[in-house]
Amino acid sequence: MKINKPKGTQDLFGYQAKQYRHIQNICSKIATNFGFEEVITPIFEASETFIRSVGESSDIVNKEMYTFIDKGNRSITLRPEATAAVMRMYVENKLYADQNTHKYFYFGPFFRYERPQAGRTRQFTQFGVEAYGVESPALDADIINMACKMLNALGAKNVKVAINTIGSKLSRDSYREALTEYFRPYLSELCEDCRNRFLKNPLRMLDCKVDSENVIMKNAPKIKDYLVEEDQRYFNDLLKYLDLFAIKYEISDRLVRGLDYYTNDVFEFIYDDATSPINGMALGGGGRYNDMGKEFDGPDVKAIGFAFGVGRVMMIMDEQGINVDNENINQIAIVTLGEKAKVAGLKLLDYLRKLELKAEIDYVNTNLKPQFKMCERINADYIIIIGDDEIANNELNIKNVKTKDETKIKLTELNKYFGIKEVKENVTY
Ligand code: HAM
């Protein structure tokens with residue numbers, strides 16, 4: 001019976017696997033330079049972790065979680081996102097005790113039962129960051145700055161920063177009231193999702209994909225008219241710092257994000273290329289969430305973070321022809337003449353790897369034709385040929401494929417040939 005991968009999952013191999021690790025490496029390096037350290041939390045958590053914080057009005061908790069009862073009768077969920085899990089880790093381990101600022105990054109798989117389509121899978125990877133313990137528009141701007149630096153370092157172009165504030169609870173309460181009053185008479189003209197959101201969290205109606213062009217939606221009250229002075233000042237300062245970092249942004253007053261935990265600023269990194277079929281796709285998103293610590297019975301934790309969808313970043317890199325497969329590593333192939341030379345060849349292979357060189361041998365064939373075929377297949381930059389004479393003299397023939405230069409050298413001269421560190425040991429076949 002043929003078995004296929006589950007719907008909404010991906011196999012990554014060859015170039016894609018390299019691209020995936022490249023993104024992880026670049027983002028990790030930049031996050032480290034910005035003072036973040038890696039955290040690794042479980043792939044599954046108690047379901048409550050997400051229900052409490054991501055929120056029951058979110059699509060994630062409502063319809064997308066992979067939840068099951070384990071053999072100990074516990075409700076377990078494959079993590080749909082990391083923000084709640086990292087906060088759970090922070091509170092559970094009392095990492096707040098030293099009162100320092102804590103900055104964490106993570107990279108790994110997440111699970112949401114969504115309808116698969118371009119850029120939307122049921123298992124996907126995020127690179128994300130969370131910073132705790134500071135509430136300052138300068139930090140928020142610097143985190144957005146860091147995300148832009150990551151995209152820049154990956155070579156990704158045409159990504160715009162969409163930003164908004166949904167205010168602190170004070171602003172949000174009066175805004176929610178205004179939205180409820182406004183939408184109530186129009187409910188029958190809006191989609192079913194909107195009607196559900198009206199009951200649970202009217203702010204989320206602004207995020208509706210079905211009614212986004214509807215004039216009712218366009219004329220809805222704007223958050224900026226309901227912000228208390230402090231929230232307005234915070235947002236203005238944040239924009240000022242973005243200007244300082246020369247980050248181009250667009251204020252998007254209907255951006256509210258799909259998770260319930262946000263307070264104040266929210267932002268997304270949107271692919272902006274009108275000629276592309278994936279124009280408008282969110283590569284990542286985040287915002288401030290100052291109330292989550294309390295959900296975990298922890299202290300009041302000022303917090304902000306964002307996450308990129310790694311698969312989506314890969315998509316735009318592919319679309320823009322960004323090639324990460326430019327590793328400049330020389331490939332060496334060993335060709336042997338006869339049985340005795342095959343054994344010597346294996347010893348040489350082991351020695352080349354000690355020198356941290358990339359080398360291959362044909363383990364099976366002793367005939368020359370298939371061995372040279374292997375050299376072609378692996379795109380060898382250098383071909384080493386050894387036979388009985390070379391073995392007797394601890395020598396080897398080496399050919400630079402590009403320049404066609406061929407020379408005979410001593411085994412002990414190999415490191416010099418490749419311009420690498422001196423080897424003290426006495427190498428022989
Ligand atoms: P999110 O907007 O749900 O935020 O996800 C962040 C990014 O993950 C999205 O912009 C998208 O690129 C990617 N993503 C989400 N769902 C899928 C999917 N089904 N298939 C492929 N990619 C997907 C969060 O998860 C928040 N935890 C971000 C955050 C961190 N906020 C504060 N800190």
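Just so you know, ligand 1 is whichever comes first in the structure, and atom 1 is the first atom listed for that ligand. Side chains are part of it too, since the values below use all heavy atoms of this structure and drop only hydrogens, waters and symmetry mates. Everything quoted here is computed from the prediction, not taken from an experiment.
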Under a 4.0 angstrom heavy-atom cut-off, which atoms of ligand 1 come close to [X]?
| X | answer |
| --- | --- |
| G286 | 31 (N) |
| F124 | 14 (N), 15 (C), 16 (N), 17 (C), 18 (C), 19 (N), 20 (N), 21 (C), 22 (N), 23 (C) |
| G285 | 10 (O), 28 (C), 29 (C) |
| L259 | 3 (O), 4 (O) |
| Y261 | 26 (C), 27 (N), 31 (N) |
| E130 | 30 (C), 32 (C), 33 (N) |
| Q126 | 5 (O), 6 (C), 7 (C), 8 (O), 24 (C), 25 (O) |
| F306 | 29 (C), 30 (C), 32 (C), 33 (N) |

Hey, is the main chain of [Y] close enough, under 3.5 Å, to the side chain of [X] for a donor-acceptor pair?
| X | Y | answer |
| --- | --- | --- |
| R122 | E114 | yes |
| K399 | I384 | no |
| R204 | S58 | no |

Review point. What do we get for Y289 next to ligand 1 when only non-hydrogen atoms under 4.0 Å count, side chain, backbone, both or neither?
Key: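 For Y289, only side-chain atoms sit under 4.0 Å from ligand 1.
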Exercise for review: With heavy atoms only and a cut-off of under 4.0 Å, state how L283 meets ligand 1: side chain, backbone, both or neither.
Suggested key: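 The answer is the backbone of L283.
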**Study point:** N or O contact, E114 vs ligand 1, cut-off under 3.5 Å
**Key:**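 Yes: some nitrogen or oxygen of E114 is under 3.5 Å from one in ligand 1.
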Check your understanding: With only distance considered, is I60 within less than 3.5 Å of ligand 1 through an N or O on each side?
Key ->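 No, I60 has no N/O under 3.5 Å of an N/O on ligand 1.
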Practice item. Going by the ring pair (Phe, Tyr, Trp, His ring centres under 6.0 Å) test, name the single residue among F308, Y20, F105 that passes it with F127. Key: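 Exactly one option meets the ring pair (Phe, Tyr, Trp, His ring centres under 6.0 Å) with F127, and it is F105.
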Suppose we measure from [atom] to each protein heavy atom; which comes out shortest, and what is that distance?
| atom | value |
| --- | --- |
| atom 13 (C) of ligand 1 | G309 CA, 3.5 Å |
| atom 32 (C) of ligand 1 | G305 O, 3.2 Å |
| atom 20 (N) of ligand 1 | T121 N, 3.0 Å |
| atom 16 (N) of ligand 1 | R112 NH1, 3.4 Å |
| atom 1 (P) of ligand 1 | R257 NH2, 3.6 Å |
| atom 31 (N) of ligand 1 | Y262 OH, 2.6 Å |
| atom 21 (C) of ligand 1 | G119 O, 3.2 Å |

Practice item. Could you label the plane-to-plane angle of the Y261 and Y289 rings as parallel, tilted or perpendicular, counting under 30° as parallel and over 60° as perpendicular? Key: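 Tilted.
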Review point. Angle class for the H102/Y90 ring planes (parallel below 30°, perpendicular above 60°, tilted otherwise)?
Key: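 Because their plane-to-plane angle is over 60°, the rings of H102 and Y90 count as perpendicular.
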Practice item. Determine whether M146 and I30 make a side-chain contact, defined as any pair of heavy atoms from C-beta on separated by less than 4.5 Å. Key: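 Yes, side chains in contact.
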Check your understanding: If you look only at pairs with a residue in residues 156-166, which of them pass as a side chain to side chain donor-acceptor pair (under 3.5 Å), with sequence neighbours excluded?
Key ->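 Every side chain to side chain donor-acceptor pair (under 3.5 Å) pair that includes a residue of residues 156-166, provided the two are not neighbours, is K160-E250.
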Do you see a donor-acceptor pair shorter than 3.5 Å between the side chains of [X] and [Y]?
| X | Y | result |
| --- | --- | --- |
| Y226 | R172 | no |
| S28 | E38 | no |
| D318 | Q16 | no |

**Study point:** The one among E81, M315, Q117, R79 that brings a heavy atom closest to atom 27 (N) of ligand 1
**Key:**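 Ranked by closest heavy atom to atom 27 (N) of ligand 1, first place is E81.
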Check your understanding: So is G284 in contact with ligand 1, going by heavy-atom distances below 4.0 Å?
Key ->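 Yes; G284 lies near enough to ligand 1 that a heavy-atom distance drops under 4.0 Å.
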Practice item. Cation-pi check, R88 to F296: give yes when NZ or CZ is under 6.0 Å from the six-membered ring centre and within 45° of the ring axis, no otherwise. Key: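 Verdict for F296: no cation-pi partner in R88.
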Give the table of side-chain donor-acceptor pairs shorter than 3.5 Å for residues 62-69, with sequence neighbours excluded, one pair per line with atom names and distance.
from : atom 1 : to   : atom 2 : distance (Å)
N62  : OD1    : K200 : NZ     : 3.4
N62  : ND2    : E56  : O      : 3.2
T67  : OG1    : T77  : OG1    : 2.8

